[in-house]
Protein chains: 2
Amino acid sequence: MTRHERRPSRPTQADIARLAGVSQPTVSLVLGGNKAGVALSDETRQRVLDAAESLGYVPDPIARRLSRRTNNLLGLYTFTATFPTDVQHSYYPFLVGVEEEAAAQGYDLLLFTSSGAYEGATDVLNRVRLADGCLFLGRHVPEKAMGRFLDDGYPLVYIGRHDELGERLPYVGADYVSASADVVRRLAELGHRHLAYVREKDDAPASADREAGLRSAVADTGVRADVVRTDGGDVDTARLRSWLADGVTAIVAEETDTDIAVTAVESAARAGGLRCPDDFSLALLGDRVGRSPGLPALSGFAIPRREMGRAAVRMLTGLIAGEPEARIRQILGCHPLAGETVGAPPRPPEH
Amino acid sequence: MTRHERRPSRPTQADIARLAGVSQPTVSLVLGGNKAGVALSDETRQRVLDAAESLGYVPDPIARRLSRRTNNLLGLYTFTATFPTDVQHSYYPFLVGVEEEAAAQGYDLLLFTSSGAYEGATDVLNRVRLADGCLFLGRHVPEKAMGRFLDDGYPLVYIGRHDELGERLPYVGADYVSASADVVRRLAELGHRHLAYVREKDDAPASADREAGLRSAVADTGVRADVVRTDGGDVDTARLRSWLADGVTAIVAEETDTDIAVTAVESAARAGGLRCPDDFSLALLGDRVGRSPGLPALSGFAIPRREMGRAAVRMLTGLIAGEPEARIRQILGCHPLAGETVGAPPRPPEH
DNA sequence: GGTTCCCGCTAATCCGTATTAGTAAGGGGA
DNA sequence: TCCCCTTACTAATACGGATTAGCGGGAACC
């Protein structure tokens, strides 16, 4: 008795059927456009339409989707908050692209976040199954959960290159390798012979790609590059000065969603009264989203985040549609950013 | 036969039942917490739980919604893109608050947008019924659709004050009236006697409130205020100069999501080489989200967007829970922003 | 006059989960 | 031994709509 007391609810097809003196399926056929081509007299059709009109019928999207077994929802899973407090956050341009393309394809977006959830909470990850497919945005891949999704044939796409699951994980990435190599080459052309590369301690494909590009250009150009891993705390003014004393003329910093590396270098420089590119050149392997008012434009490369978001949605909807030969991995190119923080070395290199 | 070939779908309770050797309702009881208190042996319960775990079961929100009418989903409907291309967009801080509070209350967020949809497509709005309740963010209220939601008892909350549907529409707004009056009073105290108020042509409660506050302060202080409605194109340097020639010493601009009014004034000033507050004072009835690097901090007031987002979620979850005496309308206070664009009038007023 | 065909519609069923009524099995008491 | 009461489930059904098989009746054809 309990649940049925909720009587004054919206009119259903059954109500229309009763009023028009037909059956519910007939109503469904009339209102649903009758794609199956079932024969229906115009008179019946009209009675149904009139009844629907007079009752103010609105189809229930939930019921409709239950029988369609698809809900026109794309999941978007971010391992940190989707709307970070810091507006400058580098996720934002991805979201712009994702939303644009999702809207264009008629999908709505379902936001999930594991921020605040227990580590490795598999229920949280499993919740994404309620979408028809899901995009993932994050530096790392929870291999067990993702492996299971793949095994089950659940459509998913990572934003960012990831090889944690071999060739199985679909992604849309950016070509950090070439772009990073280009940054080093530009420095070499300006005369820099000794670099420090500051990166996060943490390992991820995004880091590996940048370092690979850097190393290949280092090998090509014959410059020297010292790799420094930091968690931010251990790069201070003293350390910065000691590098410069050692002959380092340019610092290359990894870009990540937290920007730990470049932030540490910038603070150390500011604290020590050092300026770029007068005292040393500073290049970022990436870009800074929504550059902050006070800070100079960093030299580096632009990541096509918006286009990556769009491409990821296209790949995902392709997977959902079960396209036979869907391209599962895609790498988009970056383009160089001149910026204001790179110049010739303070002292011309000896030769 | 056709529709059932689509086999590799998500596991259902029926699959679990088969694996555990029980019936589907038993699975539902075990997984649903068995609130009815049906007797179940621990052994059976465990078998079901194990089976569910091993299949990676996730309840289908649509089916659940159809029968239980709740699925832990909050809708967020924006009448423009949710992630605007312009990162500075004023919606963003609302979203931060909404996401925070939704996460805190254990709800996932379902993003809907009518951007790109035909005008007045009511089906588009009906999609939101998939969620347990929905937040709406926009300058206007599609009265017919919202009236229908209210009639049906569908829980919804507007972010922003709206009286289009009388007392029926729940909202969380900001006190633009007092805040706008304060801005005018501060100008009056500085000696300004003649203002121009630049606002959008478009009418909305957010505009009406600001204008009401302005008018009340104008009446109190005896200053003169000319109201100018613009769509942006018709405010140029010549017009600006003619105002100043008429004795206007301060311009007050409405803030909206597009910021048409203030942008027009600023461009006109820049083009004419006019500076604030030296040539005239410029106050905004609101604030500028993520102030742009080049532009000075505008004088105005801060809208507690993040807290509004949180409050709206709290109100909505209250409505969903069917709280008997839920407060349906809430107004949060704004606080003044000194900024750099308001000062004493260029020439002391005659007396 | 019987068979075939077509028209116009409905019965039956499905989607996945929740809920309630009811039943089979086992134990205890008289 | 019969009855009743638990215990532990399952059958039946609802939710609202989509889909498909099938049925009754009349017209056309042989």
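Ring-plane geometry between B/Y77 and B/F112 is classed as parallel, the angle between the planes falling under 30 degrees on a 0 to 90 degree scale with a further cut at 60. The aromatic rings of A/F149 and A/Y154 lie tilted to each other, with the angle between the two planes from 30° to 60°.
Applying the 4.0 Å criterion to OP1 and OP2 of C/dG16, one finds that B/T12 has every side-chain N and O outside that range. Close to D/dG16, at under 4.0 Å from its OP1 or OP2, lies no side-chain N or O of A/Y57. For C/dA18, the OP1/OP2 oxygens have a side-chain nitrogen or oxygen of B/S28 closer than 4.0 Å.
D/dA14 atom P lies 16 Å from atom CG of A/L66, rounded to whole Å. We find that CZ of B/R64 is positioned 5 Å from P of C/dA18, with the value rounded to whole Å. Rounded to whole Å, atom P of D/dT13 lies 19 Å from atom CD of B/Q13. Per the geometry, CG belonging to A/N71 stands 16 Å off P belonging to D/dA18, to the nearest Å. In this structure, the NZ atom of B/K35 is 7 Å from the P atom of C/dT19, given to the nearest Å. Put simply, CZ on A/R65 is 17 Å from P on C/dT17, counting in whole angstrom units. In this structure, CZ of A/R68 is placed 15 Å from P of C/dG16, rounded to the nearest angstrom. Here C/dC15 presents its C1' atom at 13 Å from CG of A/D60, a figure rounded to the nearest Å.
Using a cut-off of 4.0 Å between Lys/Arg side-chain N and Asp/Glu carboxylate O, A/R168 and A/E143 are scored as not salt-bridged. In this structure, B/R314 pairs ionically with B/E307, as a charged nitrogen and a carboxylate oxygen lie closer than 4.0 Å. The existence of a salt bridge linking B/R65 and B/D60 is excluded, since no basic side-chain nitrogen approaches an acidic carboxylate oxygen closer than 4.0 Å.
One N or O on the side chain of A/R47 and one on the backbone of A/A20 form a donor-acceptor pair closer than 3.5 Å. Between the side chain of A/R305 and the main chain of A/P93, no donor-acceptor pair closer than 3.5 Å is present.
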Just by protein heavy atoms under 4.0 Å, how would nucleotides 3-10 of chain C read 5' to 3' in B, S and -? ----SBBB
What do the steps show when you test B/I62 against B/L130 for side-chain contact (heavy atoms from CB on, under 4.5 Å), and what is the final call? CA-CA 7 Å; B/I62 294 177; B/L130 181 58; 4.0 Å; yes
In sequence, state the C-alpha distance, the side-chain angles, and the governing distance for A/Q46 and A/D42, and then conclude on side-chain hydrogen bond (donor to acceptor under 3.5 Å, both in side chains). CA-CA 6 Å; A/Q46 200 51 54; A/D42 280 349; over 6 Å; no
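Where the helix from C/dG1-D/dC30 to C/dA30-D/dT1 starts and where it ends, the local axes point in directions that differ by 80°; five pairs per end, rounded to 10°.
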